[in-house]
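Read through the structure below, which is laid out as structure tokens, and then see the notes.
Because the structure is predicted, anything quoted here is derived from the model rather than measured.
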2 protein chains.
Amino acid sequence: MIAQQLASSIERRSGVSLWRQIADQILHAIAIGDFAENAALPPEMALAERYGVNRHTVRSAIAALVQDGVLRAEQGRGTFVLSRKRLSYPIGARTRFSTGLQGQTSERHILLLASTVEPASRRVAEALGLARGADVIRLETRGEADGRPVSRATAWFDAQRFAGIDAAMAETGSVTASLKRFAINDYLRQSTVLSARHADAADLADLDLQPGAIVLVTVAVNVTLDGQPIQFSESRFPAERVELRLSANDQAMP
Amino acid sequence: MIAQQLASSIERRSGVSLWRQIADQILHAIAIGDFAENAALPPEMALAERYGVNRHTVRSAIAALVQDGVLRAEQGRGTFVLSRKRLSYPIGARTRFSTGLQGQTSERHILLLASTVEPASRRVAEALGLARGADVIRLETRGEADGRPVSRATAWFDAQRFAGIDAAMAETGSVTASLKRFAINDYLRQSTVLSARHADAADLADLDLQPGAIVLVTVAVNVTLDGQPIQFSESRFPAERVELRLSANDQAMP
DNA sequence: AAAATTTGTCTATTGATATAGACAATTATA
DNA sequence: TATAATTGTCTATATCAATAGACAAATTTT
């Protein structure tokens, strides 16, 4: 009964192994709340029947999720759900990392992984309104909530105008706080483009994901109140841990 | 030089075959515009070296994309990109299917696949403000642009208030037009929740996707201007064909 | 205490995935 | 026209994924 919601369709000869497809579906069922924390998964034999596969194939899927810290298997008792539901990350004109997750986590912060100065690519130059090849600062950051990585972002700033923002980020752990040092007390998200893909090797490592994981990708431009571009960024969110939420209030312009 | 952007990281023993990972990366590179239409892919040997795999593995990836209509291989010449960039689907308080894609496609419409009356699940009842088990109409639709499926949606309406909306949808092919028959001339999107997952078997068939494809999922509630819930819906967008765009204007409340 | 349920481990076999090498067929280039 | 570059096809082999069956180990139920 509990698992009535679990989808039961898998594809053979797809280039994606059956055990991974099953693992993904279990993960999805947990993510949308079909299984409460500590709830028991259906027995291996029941899952095998449902998906029309061998018990060992189900065991491979479960083993991967146990390895991933999502499930806990106990001999003689059953297999149980460890991980909580996905974080709901609000997104809109006034998207801010820290305030957005309030109430869902007890602790959250942004970690600066690396920063470099480089010539602007076409894409970055266009977004920031700079000449192609102009110096930009690139910041690589990771967002963490309760010790779990929930985002991995790459952000670009005009190197001339925002010289030293890397140090400010390292110190404050906040984009909002860092921008205040450059006399920017408020800013808006001008545009956000959303897509999804499989995580690449670097993201797998940085976000502590298993191969085959999906990331939501947002490409965004932040602007000052009078429309000057400040920041161009690409953020990756692990789809198994985070969902993005557009609420009416967030969508409203200030 | 052309393929300088192509990522070159793949994971072994991940449950996802190497040829599928490579196919996904090529697809992604095309989707973000790294390859223009009719541009030549690097030769098979070059790709094999870049990914550190055998040429035959690259050939499997290319074969899948040729089968999928994304690439065209010509003996002696090379392999060329057929498909265009992703559609950019605007999303916000005033999301409408048809108007949103204007300028990007010459033709677009919504097809009603099926409709049924059923008791409301917990999720649907909560969203629509109905008692659990109350009758609701479920519409299954597919959005098409220039003959290509670009969305697959399931929508629920209060069966009492919107009796006959299935017929209206079949006739008009538009949610906006159908709602006008019920004296609703304007409506807003109250909330949107975004996630991503692998397409299930039904979506693979309906959206004409290859196994392993990723879909963006939006769960949304539409309300009247005074906040009464009208429609609850879950839409799936093939990530390889569609990206979702939040622009400042779309985010603004009217 | 006995029986039933459930996860854990082992062996064996089959099919899909990946590697390796050779050579043919077609097109572009020197 | 010869040469190089590129895709297409074939054979062979190794590894991973999936199936099948049997039984052990731990826990819960009767």
In whole angstroms, how far is the [atom2] atom of [N] from the [atom1] atom of [X]?
X	N	atom1	atom2	result
B:Ile62	D:dT7	CD1	P	7 Å
A:Phe80	C:dT6	CZ	P	11 Å
B:Arg12	D:dA14	CZ	P	17 Å
A:Gln67	C:dG8	CD	P	14 Å
B:Glu49	C:dT19	CD	C1'	15 Å
B:Leu18	D:dA17	CG	P	10 Å
B:Met45	C:dG21	CE	P	10 Å

*Check salt bridge (Lys or Arg N to Asp or Glu O under 4.0 Å) between B:Glu44 and all other residues, then give those that pass, not counting sequence neighbours.*
B:Arg55, B:Arg59
*Sequence-aligned protein contact record of nucleotides 22-30 of chain D, with B where the base is within under 4.0 Å of a protein heavy atom and S where only the sugar-phosphate is*: ---BBBS--
Report, one pair per line, the protein and nucleotides 12-16 of chain C atoms (nitrogen or oxygen only) whose separation is under 3.5 Å.
residue: C:dA16; atom: OP1; partner: A:Arg13; partner atom: NE; Å: 3.3

_So if I take every side-chain heavy atom of A:Thr79 and compare against C:dT19, D:dG8, C:dT7, which nucleotide ends up nearest?_
C:dT7
*Which one of B:Thr218, B:Val217, B:Val193 satisfies the side chain to side chain contact (heavy atoms under 4.5 Å, CB included) criterion with B:Glu234?*
B:Val217
